There are 2 protein chains.
Amino acid sequence: MEAKITLSESMEDYLEAIFNLIKENGSARVTDIANSLGIAASSVNQGLKKLNEQGLIKQQKYGPIKLTQSGVQAAEKVNCKHQILYLFLHKTLGVEPETADQDACSIEHVLSQQSFEKMVDYLIENNYIEEQNCAFKFMENEEEEKMAAKEFMLDSMSVGSKAEVLKIESKGRLKRKLMDMGLNRGARVEVKGKAPMGDPIEIKVRGYSLSLRQDEAAEILVKEV
Amino acid sequence: MEAKITLSESMEDYLEAIFNLIKENGSARVTDIANSLGIAASSVNQGLKKLNEQGLIKQQKYGPIKLTQSGVQAAEKVNCKHQILYLFLHKTLGVEPETADQDACSIEHVLSQQSFEKMVDYLIENNYIEEQNCAFKFMENEEEEKMAAKEFMLDSMSVGSKAEVLKIESKGRLKRKLMDMGLNRGARVEVKGKAPMGDPIEIKVRGYSLSLRQDEAAEILVKEV
DNA sequence: TATTATTTTTAGGTTAACCTAAAAGTTGGG
DNA sequence: CCCAACTTTTAGGTTAACCTAAAAATAATA
């Protein structure tokens, strides 16, 4: 129902940096963010524009940067992932703090939900974290997954039907590409049309129209709604 | 001058795909690589050009793709990282095979050496792999890594550099011709000049000057000296 | 409050990694 | 041996994420 936002890696980095700076200093300025990420202030400025468009931060020209509600949510989610990874690498594998932190930083953007969950399980079992912890904020939606029924591959949906994306079955780059198009878990799609041979297929996601090759659509598991 | 090769994520992906395709089918074609990575053939083509420049693969126009010695090395390294991650995620954390594979794919490019080593330690302790395994191929040679990869195809050497011929990769008439020019194993060559488009290339061997077409030079594996 | 210093923004790039469409080259079947 | 089908390459884009240099706005201080 909510317009679920998709963040690129660097957008996540910006958010996280803002989140941490606010926690530490009470405020986040363009230069602070730039310093903490090691990039130019002008680059940060551009990034903030996008976060602003997504409604995750609020900034007036030359003014201080604040997180909106959904901004805080998103930032906490990223931060939480970071913490899980850090703890896992450092506490259970014995990786040095600094390296663990760097690795967490690079992995947090790409690791699957499932792997995160498994790490959390492991950390709980070994008493490194407790169930009450931040670790769980992003995990709520587990059983919803097994609500089975009415699951199809997107290419077999009929014109006019609506569905929710459950999973992208392909790997690597293709998966990435599809996700970048907005086809993330939970996204609502509507099949607007199909060419005679079923290729390509016209769909609508998050307000955008886009057309998929049939073999691409065949990689997308959806639940009819 | 250290010629240490640094590979971007996608270059690593290309290498890995080539490596696997050759293992599975005996050969890797542009379209196969494109399919296995889910990207357009033309994109692969461009990527291959770069790998070629780095001396990691060898391809003649419209011809099959082969890995050079250093190409195989690099590919094995990446593949090995992939395997470690896969085993770790799947065997010790219980992540599902498919997801573990995808995650391995994204992480393999960015995880630190140290974290890899810790995972290997863990895998050995729990008897998922043995010391003899591939897992170590990329770990012994930390300093050797800097030495390595001074091997190039002659056409990718810069003007002014000197090298020793290791092998002529072509066969038949062309090989004969090149050998007759004095390009035998062990011969010392110096690159005297290149025409604007890299074709032809002026070299000096055993006191003679001679000029090679680029695709001829691309058949000659040399070690920089 | 004027002047200097700092911060933020704008303008105008670059690069890597993709893309589509079409041309060039190769191959297999009639 | 020729043509249709496929593969590979070329040509000409796009986009995200950076950059530098300089202009505009704000803050500090003498």
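To find a chain, count down the sequence lines: A is the first, B the second, and so on, and within it residues start at 1. It should be emphasised that the depicted structure is a prediction, and the values quoted were computed from it without experimental measurement.
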Taking atom [atom2] of [N] as reference, at what distance in whole Å does atom [atom1] of [X] sit?
| X | N | atom1 | atom2 | result |
| --- | --- | --- | --- | --- |
| B:Leu7 | C:dA16 | CG | P | 13 Å |
| A:Gln60 | D:dA25 | CD | C1' | 14 Å |
| B:Ile33 | C:dA17 | CD1 | C1' | 16 Å |
| B:Asn45 | D:dG12 | CG | P | 16 Å |
| A:Asn35 | C:dT6 | CG | C1' | 13 Å |
| B:Leu48 | D:dT7 | CG | P | 16 Å |
| B:Leu51 | C:dA16 | CG | P | 14 Å |
| A:Lys49 | C:dT9 | NZ | C1' | 7 Å |

Handout entry: Basic-acidic side-chain contact under 4.0 Å: A:Lys204, A:Glu190
Key = no
Exercise for the section: Could you tell me whether the side chain of A:Ser10 and the main chain of A:Asp13 form a donor-acceptor pair under 3.5 Å? Expected result: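 No, the answer is negative, given that no donor and acceptor are paired below the 3.5 Å cut-off.
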Practice task
Indicate yes or no for a side-chain donor-acceptor contact from A:Ser211 to the backbone of A:Glu202 under 3.5 Å, with no hydrogens or angles considered.
Solution key: no
Measure all distances between protein nitrogen or oxygen atoms and nitrogen or oxygen atoms of nucleotides 23-27 of chain C, and list the pairs falling under 3.5 Å.
unit_1, atom_1, unit_2, atom_2, d
C:dG25, O4', B:Tyr62, OH, 3.4

Using residues 17-31 of chain A as the side-chain source, report each donor-acceptor pair under 3.5 Å to any protein atom, sequence neighbours left out, with the distance given to one decimal.
unit_1, atom_1, unit_2, atom_2, d
A:Asn20, ND2, A:Glu16, O, 3.3
A:Arg29, NE, A:Asp32, OD2, 3.2
A:Arg29, NH2, A:Asp32, OD1, 3.2

Practice task
Test A:Glu108 against every option in A:Lys81, A:Lys77, A:His82 by the side-chain hydrogen bond (donor to acceptor under 3.5 Å, both in side chains) rule and name the one that passes.
Solution key: A:His82
Practice task
Output all residues satisfying ring pair (Phe, Tyr, Trp, His ring centres under 6.0 Å) with B:His90, sequence neighbours left out; order by chain, then residue number.
Solution key: B:Tyr86
I'd like a list of close polar pairs between nucleotides 18-20 of chain D and the protein, N/O only, cut-off under 3.5 Å.
unit_1, atom_1, unit_2, atom_2, d
D:dC18, OP2, A:Tyr14, OH, 3.2
D:dC18, N4, A:Gln46, OE1, 3.2
D:dC18, N4, A:Gln46, NE2, 3.4
D:dC19, OP1, A:Ala40, N, 3.3
D:dC19, OP2, A:Ala40, N, 2.8
D:dC19, OP2, A:Ser43, OG, 2.4
D:dC19, N4, A:Gln46, OE1, 3.0
D:dT20, O4, A:Ser42, OG, 2.7

Problem - Derivation and outcome, side chain to side chain contact (heavy atoms under 4.5 Å, CB included), residues B:Leu7 and B:Leu56 - result: CA-CA 10 Å; B:Leu7 292 167; B:Leu56 296 170; 3.6 Å; yes
Practice task
Could you check which residues of residues 23-32 of chain B get a heavy atom under 4.0 Å from DNA chain C? Sort them by number, please.
Solution key: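 Under 4.0 Å from DNA chain C: no residue of residues 23-32 of chain B.
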Handout entry: Shortest non-hydrogen contact between A:Val95 and B:Gln114, atoms and distance
Key =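 Closest pair (atom of A:Val95, atom of B:Gln114, distance): CA-OE1, 3.5 Å.
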Handout entry: Contacts of type salt bridge (Lys or Arg N to Asp or Glu O under 4.0 Å), residue B:Glu96, not counting sequence neighbours
Key =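 Per chain and number, B:Glu96 pairs via salt bridge (Lys or Arg N to Asp or Glu O under 4.0 Å) with no residue.
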Exercise for the section: Output yes when at least one side-chain N/O atom of B:Lys50 is less than 4.0 Å from OP1 or OP2 of C:dA16, else no. Expected result: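 Checking B:Lys50 against C:dA16: no side-chain N or O falls below 4.0 Å of OP1 or OP2.
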Practice task
Flag the pair A:Lys66 / A:Ile57 as yes when at least one side-chain heavy-atom distance between them is below 4.5 Å, and no otherwise.
Solution key: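 With C-beta onward as the side chain, the pair stays apart.
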Handout entry: Polar side chain donor-acceptor pair, B:Gln69 to B:Gln73, under 3.5 angstrom
Key =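 Side-chain D/A pair, B:Gln69 to B:Gln73: absent.
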